[in-house]
Enquirer: 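Please find one structure pasted underneath; my questions will follow.
Just so it is clear, the structure is predicted and the values come from calculations on it, not from any experiment. In what follows, chains are A, B, ... by sequence order, proteins preceding strands, each numbered from 1.
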Amino acid sequence: MARSDGFQIQFERSGGLAGTSVRTTVDSARIPDSDANELRRLIDQVDFAAPARPPRGADRFQYDIRLHRSGMSHSITAYDGSMAPELKSLTDWLLAYARRPKAV
Amino acid sequence: MRKICSCFFVQPSVLEHIVRNGTAEQRELAMAALSRDHSIRTARLQNALLTNLVPFRPRPLIEAVAGAPTRTIYDAEQSEEADSSRVVRSESSKAVSDPAVNEAYDGLGATFKFYWDAYKRNSIDDRGMKLDGVVHYGEKYDNAFWNGTRMVFGDGDGEFLTRTTQGVDVIGHELTHGVTEHTANLAYTGQSGALNESISDVFGSLVKQYAAGQTADKADWLIGDKIIGKALHGKALRSMAKPGTAFDGDNQPAHMKDYVRTTADNGGVHRNSGIPNCAFYNVAMGIGGHAWEKAGLVWYEALRDPRLIPSSGFHMFARITVRTTQHHFGTGAELKAVKEGWEAVGIAVS
């Protein structure tokens, strides 16, 4: 994959009953190519212009994603229970990545 | 034999119009006409009108026959389908082999009993709403939530959270989100959201204290002590007595000077809730005895007060608790405890 298609992501899952946050940042240049390609595929399917729709109820998880790519920034906020499936796939991937043991 | 006329000469919708738009005298006559009809439909209409118009929400005219819950527990079978239709236990059926099912059933029962015994509240909506619990939501799902109709419980990943049904305070917390939705309906964002969260912690803790028969000084004032996993390194998810000290990463403020402004977590609803949580603890300890009897009653009546609206914040709620305390207990030790409890967290009330 061309290096010019690099991107960075800041991710936070907040809220939930416990109110504890999970955060991570991902730089496509610093992760294995297979991960970068998969993440690029997931990102390309997400509509970052879609408005957040807070669901009814309480104690849902909130997800905030900020994407820096090709000199542009895109932000999206989403909530468990009212997310498009494509966005859900992306948040699932980022959450798993955030919890993956990292080499220091 | 005296016959009480219960037939309508004027349609309920016309009476409703009179109640909403008529003079005080017309309103009284219309309300009296409504009260003579004992149909459920009319009682519901009248309840709705009373709820909207009278300062202290009176008890509904149809009292529950008995304080008995109607529970149904569903199994999401590790899916993220909160509307699962797989019933695994229903009201009055025997315990099953799955502990999550029985914990949800018992916890919802304990919470219903608490609200009924302490405040004669008949379920989430005070009209006997059925209690639907969903267990095994998601895979290793680190959360429990209220989705607007059901209380939904994840199994936890075992590291951060364990099975969330294990905490009766957690179940009480989630059911109370339903109570709040059916009363003040506090908006779940910013300060009103933090107040909404605090209300759930207050009554979640009181469910636990009531079940244990504890006085305020004997209670642990912790939330989630039974479901916190080892990875969080602590004794609970929140401490109402000392917000910010429950576990290693606990960053709840205990005073208005430390109020957190953030866009995460719906504007920090699970963080700033520490402030009113601590106020309630202060008040309950100041009054002493069983916390649900006086401090809890004041908080409950304040939650039902029509002056508390979806956008209300801490100060409005605090002012209403003061008025409610005066209304129920006069100007003695209870009032002093309520004022001092709020002032200690940086919320001055006159």
Side-chain angles (χ1 to χ4, degrees), chain A residues 9-26 42 48 50-68 73-102 104, chain B residues 80 82 138 141-154 156-157 159-161 164 167 170 173-174 176-178 180-181 186-189 193 196-197 199-200 204 223-224 227-229 231-232 236-238 246-247 249-252 262-271 273-274:
Chain A
I9 289 177
Q10 292 164 287
F11 169 80
E12 179 173 8
R13 187 195 75 179
S14 61
L17 163 76
T20 51
S21 278
V22 177
R23 293 185 196 89
T24 194
T25 57
V26 186
L42 293 169
F48 277 84
R53 291 180 293 128
R56 194 175 159 195
D59 289 331
R60 303 280 202 155
F61 286 126
Q62 175 182 327
Y63 302 86
D64 288 280
I65 301 172
R66 182 176 284 260
L67 168 70
H68 305 276
S73 279
H74 311 271
S75 294
I76 194 163
T77 298
Y79 301 87
D80 256 2
S82 64
M83 255 192 286
E86 298 80 15
L87 184 54
K88 167 87 173 133
S89 299
L90 177 60
T91 59
D92 281 350
W93 194 95
L94 289 166
L95 190 64
Y97 176 83
R99 291 188 159 170
R100 205 190 287 176
K102 310 281 191 305
V104 181
Chain B
E80 295 193 8
Y141 196 73
D142 272 338
N143 199 16
F145 61 91
W146 159 253
N147 80 344
T149 54
R150 291 178 166 191
M151 289 137 287
V152 185
F153 302 97
D157 69 343
E159 297 287 320
F160 291 92
L161 294 190
T164 57
V170 172
H173 177 106
E174 297 309 333
T176 299
H177 277 308
T180 297
E181 188 176 308
L186 293 161
Y188 202 66
T189 182
N196 185 323
E197 267 305 311
I199 297 287
S200 272
I223 298 296
I227 70 160
I228 188 169
L232 286 178
L237 300 176
R238 286 183 282 280
F247 65 96
D250 185 1
N251 50 16
Q252 277 205 312
T262 173
T263 54
D265 183 24
N266 290 102
V269 297
H270 291 89
R271 289 181 67 182
S273 56

Enquirer: Within the 4.5 Å heavy-atom criterion, are A:D80 and B:F145 side-chain neighbours or not?
Expert: no

Enquirer: With a 4.5 angstrom heavy-atom cut-off, which part of A:R99 approaches chain B: side chain, backbone, both or neither?
Expert: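 Side chain only.
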
Enquirer: Grab the two heavy atoms, one from A:L17 and one from B:E174, that are nearest each other, plus how far apart they are.
Expert: CD1-OE2, 3.6 Å

Enquirer: Quick check: does any side chain N or O of B:H270 sit under 3.5 Å from a backbone N or O of A:A18, one acting as donor and the other as acceptor?
Expert: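 Here the side-chain-to-backbone pair does not exist.
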
Enquirer: Please round to the nearest 0.5 Å and tell me the distance separating atom CD of B:E80 and atom CE of A:M83.
Expert: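 Going from CD on B:E80 over to CE on A:M83, the span is 8.0 Å.
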
Enquirer: I need the residue from A:S14, A:G19, A:P54 with the largest number of non-hydrogen atom pairs under 4.5 Å to chain B.
Expert: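 Counting heavy-atom pairs under 4.5 Å, the top option is A:S14.
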
Enquirer: Non-hydrogen atoms of chain A under 4.5 Å away: do they reach the side chain of B:R271, the backbone, both or neither?
Expert: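 It is neither, since no heavy atom gets under 4.5 Å.
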
Enquirer: Considering only heavy atoms, which portion of B:I228 lies under 4.5 Å from any heavy atom of chain A: side chain, backbone, both, or neither?
Expert: neither

Enquirer: Is there a donor-acceptor pair closer than 3.5 Å between any side-chain N or O of A:Q62 and the backbone N or O of B:T263?
Expert: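 Yes, because the side chain of A:Q62 sits within donor-acceptor range (under 3.5 Å) of the backbone of B:T263.
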
Enquirer: Spell out, as yes or no, whether a donor-acceptor pair under 3.5 Å connects the side chain of B:Y188 to the backbone of A:R56.
Expert: no

Enquirer: So which of B:Q252, B:E197, B:H173 has the largest heavy-atom pair count under 4.5 angstrom toward chain A?
Expert: B:H173

Enquirer: So how far is it from B:D142 CG to A:F61 CZ, rounded to the nearest 0.5 Å?
Expert: 6.0 Å

Enquirer: Say whether, by atom type as modelled, one donor and one acceptor occur between the side chain of B:N143 and the main chain of A:D59 under 3.5 angstrom.
Expert: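 Flag set: sc B:N143 to bb A:D59 pair under 3.5 Å.
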
Enquirer: Identify which part of B:I223 has an atom lying under 4.5 Å from any heavy atom of chain A, answering side chain, backbone, both or neither.
Expert: neither

Enquirer: Which bit of B:V170 comes within less than 4.5 Å of chain A, counting heavy atoms only: side chain, backbone, both or neither?
Expert: side chain

